[in-house]
S.K.: 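Sharing a structure below in C-alpha cells format, with a few things to ask.
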Amino acid sequence: MASVELHNIHKAYGALTVIRDISLSIEDGEFIALVGPSGCGKSTLLRMIAGLEEITDGDVSIGGQVVNAMTPRERNIAMVFQSYALYPHMTVAENMGFNLKLSGETKQVIQQRVDEAARMLDLTKLLDRKPAQLSGGQRQRVAMGRAIVRNPAVFLFDEPLSNLDAKLRVQMRSEIKALHQKVQTTSIYVTHDQIEAMTLADRIVVLNQGNIEQQGTPIELYRKPANLFVAGFIGSPAMNFLDGTVDGVDGAPAVRLKDSTPIRIAGERKVKAGQSVKIGLRPEHLSLASNGSPLTGQTLLVEPTGAQTHVLFDLAGDQVTAVVDGEAPVRYGQPLNVSITPEQVYVFDASSGLAL
Ligand SMILES: Nc1ncnc2c1ncn2[C@@H]1O[C@H](COP(=O)(O)OP(=O)(O)O)[C@@H](O)[C@H]1O
Ligand SMILES: [Mg+2]
C-alpha cells in the first residue's frame, strides 16, 4: 500500500500538450476516480503513473519515492485495462500466476496467492478453464485476479468495465467496490462514466482538456460544482442550463429567463443586478409540488423508467428535463407545471462559467 503524489505533471506529444501542470495527492488506501470526457488525458495520466508513458515534465511519487526513472515492474503497481489481454492457451490459474512466475516466485507461493485471489473473486471453480470458456465478466475478474495476486502498492484501472453489457457492468462495479473495501489498496480508476466515478470513488477528480476542473467527494461535486463544466458532467440526467439576467422579485434576488419568467435564487449567491448568468436546474429538483418558483411549459417528451419518469418540456424557448414520480399524470402535449426552491437553483457567471 502507498500514497501517490503527482507534482506539476506535464505531457506533450510534440507540439500537442495533453496534460497541463497537474498536481494531485492521493492518500494511502484511497479510491480515486479520474473522470472526464473522451480525449481529456485520463489514460495518458494513468500510463505516466504506471511507467508506460514518458513524463514530459514533473514528478510522480509512489510511497514517498520519486519513480520517474523506474520501470513499471519496479513501481509495484498493477493495472487492469478495458481489454483483458489474457493468454488464450493458459488456464485461469496460469494466467493469474504468470507474473509471479516471471518474478521467480516458488510454485507453492504462486498457488497460495492464486487460490486466495480466486476465493476473493469467486473464481475457484473456474481455475482450470481457458479464457475462451469464460464469459466477459469472468474474464474481467481473471484480469483483476492477475492484478491482485501481485499484492501491488497501487491498483490502476483504465475503463475496465467498458466492454461489458449494462447489467454486468453494474455487477462488476459493486464487486470492485467490495474488493477495495476488503483489500484497501490505493486505487486510481479512470472512467468517462460519471455514475461509475460517483458510485466507486472516495474522491473524484474531474479532468477536462488536460486540466483538473475540480476534485472532491462525489457529494461535494454534486452539491457544489465549481463551474459549468463540472455541473454539466456530474449528475444524471444532466443539469439543465438556461440563460438569464439577475433581477429582483419583491425585494428578493431572482433571475429572469429570456421570456422574463422569474426564478428566485438563494440570498447568498454573489450576483449583481443586471448581470448575465446561466442558471442550472437539476432535473430531480424540478418538483410537481408548488413550493418554489413556478415554471410552466409544454410537454415535449415523456420517458417512463419505472419508479421515475423523465419529462422534456419547453421553458422560455429552451428544452428542459424534469424527473418526476413514475405515477405522476404527465402527458405529451399538455402543459407541465413544476417548481424549484431558491436553494436548489445553481447560478454561474455567463462569461467565466464559474459558480456564483
Ligand atoms: N501516442 C500519442 N501520440 C499523440 N497523441 C496522443 C497519443 N496518445 C494520446 N494522444 C492524444 O492525447 C489526448 C489524450 O488522450 P487519452 O489520454 O487517451 O484520453 P482519454 O483517456 O481521456 O480518452 C488525445 O487528444 C489523444 O489523441
Ligand atoms: Mg482512455
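Position 1 is the first residue of the sequence; numbering continues from there. Keep in mind that the numbers below use all heavy atoms, side chains included, and drop hydrogens, waters and symmetry copies. Order of listing sets the numbers, starting from 1, for every ligand and every atom in it. Computed from a prediction, not measured in an experiment: that's the story for all the values here.
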S.K.: Which of the numbered atoms in ligand 1 are under 4.0 angstrom from any heavy atom belonging to Ser38?
M.R.: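 Listed by number with element, the hits are 23 (O).
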S.K.: Quick test: of every protein heavy atom, which one is nearest to atom 24 (C) of ligand 1, and how far off is it to 0.1 Å?
M.R.: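 For this ligand atom, the closest protein heavy atom is Gly39 O, 3.7 Å.
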S.K.: Using a 3.5 Å cut-off on N or O atoms only, is Val18 in polar contact with ligand 1?
M.R.: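 N/O-N/O distance below 3.5 Å does not exist for this pair.
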S.K.: Does Arg264 use its side chain to pair, donor to acceptor, with the backbone of Gly292 at less than 3.5 Å?
M.R.: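 No, Arg264 side chain to Gly292 backbone: no donor-acceptor pair under 3.5 Å.
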S.K.: Can Asp259 and Thr261 be counted as having a side-chain donor-acceptor contact under 3.5 angstrom?
M.R.: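 There is such a pair (donor and acceptor under 3.5 Å, judged by atom type) between the side chains of Asp259 and Thr261.
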S.K.: Distance below 4.0 Å between atom 18 (O) of ligand 1 and any protein heavy atom?
M.R.: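 Yes, there is a protein heavy atom closer to it than 4.0 Å.
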S.K.: Can we say Lys258 and Asp318 salt-bridge, meaning some charged N sits less than 4.0 Å from an Asp/Glu carboxylate O?
M.R.: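 Yes.
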S.K.: Quick one: nearest non-hydrogen protein atom to atom 1 (N) of ligand 1, plus distance?
M.R.: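 Going by distance alone, atom 1 (N) of ligand 1 is nearest to Tyr13 CE2, 3.4 Å.
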S.K.: For ligand 1, is there an N or O atom under 3.5 Å from any N or O atom of Gly41?
M.R.: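 For ligand 1, there is an N or O atom that lies under 3.5 Å from one belonging to Gly41.
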S.K.: Taking Gln275 as the fixed residue, which of Asp247, Thr245, Asp349 is the one that meets the side-chain hydrogen bond (donor to acceptor under 3.5 Å, both in side chains) rule?
M.R.: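 When side-chain hydrogen bond (donor to acceptor under 3.5 Å, both in side chains) is applied between Gln275 and each of Asp247, Thr245, Asp349, only Asp349 qualifies.
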S.K.: Please determine, by modelled atom types, if Gln214 and Asn227 share a side-chain donor-acceptor pair under 3.5 angstrom.
M.R.: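 No, no side-chain donor-acceptor pair sits under 3.5 Å.
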S.K.: Strictly less than 4.0 Å: does any protein heavy-atom distance to atom 26 (C) of ligand 1 fall in that range?
M.R.: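 So far as the 4.0 Å threshold goes, atom 26 (C) of ligand 1 is out of reach of every protein heavy atom.
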S.K.: Any atoms of ligand 1 less than 4.0 Å from a non-hydrogen atom of Thr44? List them with their elements.
M.R.: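 Answer for ligand 1: 14 (C), 15 (O), 16 (P), 17 (O).
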S.K.: Between Gln344 and Arg282, do the side chains contain a donor N or O and an acceptor N or O under 3.5 Å apart?
M.R.: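 The criterion, which ignores hydrogens and geometry beyond distance, is not satisfied for Gln344 and Arg282.
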S.K.: Is Ser43 close enough to the Mg ion (ligand 2) that one of its N, O or S atoms comes in under 2.8 Å?
M.R.: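 Within the cut-off used here (under 2.8 Å), Ser43 does place an N, O or S atom near the Mg ion (ligand 2).
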S.K.: Has Lys42 got a side-chain atom pairing as donor or acceptor with Gly36's backbone, closer than 3.5 angstrom?
M.R.: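 Checked: pair present.
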S.K.: With a 4.0 Å cut-off on heavy atoms, is Cys40 touching ligand 1?
M.R.: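 Contact check Cys40 vs ligand 1: positive.
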